[in-house]
Each structure stands twice: as C-alpha cells, then as structure tokens.
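Letters go in sequence order (proteins before strands), and every chain restarts at 1.
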2 protein chains.
Amino acid sequence: MDKIPRPVIRRLGLYYRCLSKLYEEGVDYVASRDIAERLGIKSSQVRKDLSYFGEFGKRGVGYNVAMLMEKLESIIGVDKYWNVIVIGAGNIGSALVNYEGLKKEKFNIIGIFDADRAKVGRKIGNLIVRHISELKEFVKKNIVEIAVIAVPETAAQYVVEQLEQLGIKGVVNFAPIKLRTHLLVEEVDITLTFKSLVFQVERKI
Amino acid sequence: MDKIPRPVIRRLGLYYRCLSKLYEEGVDYVASRDIAERLGIKSSQVRKDLSYFGEFGKRGVGYNVAMLMEKLESIIGVDKYWNVIVIGAGNIGSALVNYEGLKKEKFNIIGIFDADRAKVGRKIGNLIVRHISELKEFVKKNIVEIAVIAVPETAAQYVVEQLEQLGIKGVVNFAPIKLRTHLLVEEVDITLTFKSLVFQVERKI
DNA sequence: TAGATTGTTAATCGATTAACAATC
DNA sequence: TAGATTGTTAATCGATTAACAATC
C-alpha cells in the first residue's frame, strides 16, 4: 500500500471531526470546498488527501456525509475501542485519565502506573494508581496496544524500553526527550509549543 | 527580516533544550553533527537553521555551548519571563497550572478563569479560580501577552474573540476547533494525536 | 442539457540534504 | 601544516495547489 504523507494522516482526523459536525448539523452532502473552508485549507488538498484511500465522492454533488464519516472512521482506526495505559501519575497523567475528550473518541484508559510508592493506591477518576512493577502482569492480562508516557524526562527512555518488550505498539510521549525506540511515537511537547508561540509573538511586533 | 519556516521555529526549541543538556554535562564545544545525532536529524539542517539568525560557530571547532545557548535563548524569546493566563479550569487548565515544566521554562501562569461559578474560588496550585467576568480587569492590571484556551469547543471561539479585544498577542489552544482570529495560535490537539497514532499502529501490522 | 464538483495530473512551492569552498 | 567543521549554494525531495477532463 502507498505511503501516506504525515501531514495527510493528521488531516484525516480533522476531516473526521468536520464530518461529524456536519452530520450533527443534519447535512447530507458536502463539497470539498465547504470542508476546506471550515478547516482553512484548499479544496484540492481535501480531494487529494481523500484520493489516497479511494473515491468517495459523486461528481457534481459532493460527498455523502454519513458515508464519508464512516469511511474515515475505519481508515483512521477509530471504528473500534482502544485500550490505553498511562505511565506516570503526575499532573499530565491524571489530567488524561479524567479527560472526557479521549473517552468520547473511543480511547479507554484502563490503567495508570507510577514508580512513586506514595502515589500508588491513590484514586484518579475511576482508576487506582498501580506500581510500575505490576505493568508486565497487567499488559499480559489485558489487550493494550498504546501507552502514554507521562513520566519525568529522566525516566522516559527506560519506560519506552519496557513498553517495547511488553509488545506495546505505539506511544504518545509527553516527556521532553527524543525517545530511541522502534515503537511508533507521537510527541506532545507542551513547553516547545509555548516557546514556538513566544518566538512568533516577539517577531510580530 | 527573513521569514523563518515553521519547522525551523519548532527546532529552535529542540536546539535550545539540547544545548542546555550539553551545558549541564559540562561540554564546552559541540559540532552540528553531535547536535543532529541527539535529535535524529541531519547536521546540515542544524547549520542551515542556525544560519537564519547569524554565524555562531567556529570552523574546525564547532559551537561554544554556553554562547549558543544564550543566543538561542534570546532568539526564541525565553530570556525573560512570560505571564500567562489560562481560560478554563477543567482538567487541562488545572494540569497546566500545576505543571512544573512551564514554570521552569519561565512561563508564569498568573491567573486562571472559568465561566462556571461552581469552580470560581477553588484553589489550583497557588491560584484561585476567577470568574471569566473579571478577565478584562485582570488583563488591564497585569502584563499578559499569552493565554491558554482550555475551555470546551463550544466556548473557544467566543473566548478567543474576547482575548483579541483585550490585546492578548498569542494563544495556545487546546480546544479541538479551528479558531477564526488574527491572534497567533499554536494548537495542541490531544485526541488528534491519538488518532494519528492509531492510524499508524493499524497500518504497520 | 447546463451547472457543479469530483479525481487526477502537472506545475509550483517550500523544506531538506549533499556537497564543498572557506577557514579555524 | 593537516584535519575538522562551519556557512552556504545547488540539487533533491516532498507537499501543496491550480487546472481541467470526466461525469454526476
């Protein structure tokens, strides 16, 4: 199968979100131009992106909202529930467990782990913080394909190596460090985002 | 002044972080090749990126770590403290207030606001949640250039319009919506990140 | 049919990388 | 000097966009 450019992958999520909204608004058919306008991109980009996966539109008419939504759901892989574990029960880890957005999008956080015995046993949302030593057993008993790394930078590399051994497939990494791993990694780098913003704020003046 | 490509802006932060580490490790001089290796990019990219801002290296020798670190600090704009306000005292807003990473990088969150009266008055970190109606007065009294939008999607557009009127310059947006605004915006889209990851996880099999 | 919009190709734009003269 | 590494140019690569024949 064709290699899909990274920017396209991200936009698939945007298209899906846009289609969901249109569906709720009761729209039956939508043109690439309308989708593009809502997202602030070009209509030819919408059509090109979708064309990596098939022909979903009707010339002269547009795309059937419900149909395209379902197609995108299955293309992205959110037509099923995903079990997620969170490593690190600090601020970020806790916030994710309580975050409604993930639940709504079929990401179920089923376990949270920490190395700090003081945190173990605490309740976060519906979960009890487990000690990191229980991780292996937990992953054996449950189907877990993706994990969140929300530990301090110093522990992140060690954690990703553990996850690799346990057969986890992909990681969302909140630690500000380049992980050396064969796993699929998506980075969320909060302080980098703030720095990027202030650079632009300073320059604009 | 030359337009700096977006990817370069992001990498500036990575370089800065890398230099800080080298500095702590007691390294005096570093070659672009070493920086590149640590970040998983090409050395010519490091040199090209830096060349947008000046000539910081010595041929045959490399870059003086302390000097380049300071230069980057000032280029990015983190040679001073930034006051930040957070709109929305839910999960994400609270987590940010308590997040050490931002404090360490000179981003001071000095106020958190919410429209929900039930949340007003609550203590989060050192802050008391204020009602959104106090926002205007607060921004008048304090120097605030950047804000975080951590409200539900339905409120985000309204909030950014308020911020625009109050003279805020830039926004870190956690709401899953394309904001229509003249302000500088950096997006942090958590569920999109998860979707992007599962797309790749599914494809890799 | 006439008007609209797709899917796709080719042109354009922008970012990355290789290569190398300059120079420490 | 000989070896190393920069700064910069030109080549390459990849992504976006315009344009349009196909077709609903």
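Side chains of A/R203 and B/I4 form a contact here, defined as non-hydrogen atoms less than 4.5 Å apart.
In terms of modelled atom types and a separation under 3.5 Å, the side chain of A/N98 and the main chain of B/N91 share no donor-acceptor contact. Remark: side-chain polar atoms of A/N108 are not paired, donor with acceptor, to backbone N or O of A/I110 under 3.5 angstrom. Side chain of A/H131 to backbone of A/F113: no donor-acceptor contact under 3.5 angstrom is found.
Between chain B and DNA chain C, the heavy-atom contact criterion of under 4.0 Å yields a 5' to 3' nucleotide range of C/dA15 to C/dC24.
Enclosure of atom NZ in B/K104 is not indicated, since only 12 or fewer non-hydrogen atoms of other residues, nucleotides or ligands lie within 6.0 angstrom. Residue-environment remark: NZ (A/K119) exceeds the threshold of 12 foreign heavy atoms within 6.0 Å.
Between atom CZ of residue B/F53 and atom CD1 of residue B/I76 there is a gap of 8.5 Å, rounded to the nearest 0.5 Å.
The closest side-chain donor-acceptor pair between A/S43 and A/R47 falls under 3.5 angstrom. With hydrogens and angles left out, the side-chain atoms of A/E161 and A/Q157 include a donor and acceptor closer than 3.5 Å.
Base-pairing analysis of DNA chain D finds the following stems of at least three consecutive Watson-Crick or G-U pairs, with both pairing distances under 3.5 Å: C:3-24 with D:3-24.
A salt bridge (charged side-chain N to carboxylate O under 4.0 Å, His left out) with B/K195 is found for exactly one of A/E73, A/E105, A/E186, namely A/E105.
Annotation: proximity of residues 41-54 of chain B to DNA chain D (heavy atom, distance under 4.0 Å) is found for B/R47, B/K48, B/S51, numbered in ascending order.
Two residues, B/P5 and A/V30, neighbour DNA chain C, and the one matched to the more 5' nucleotide by heavy-atom proximity is A/V30.
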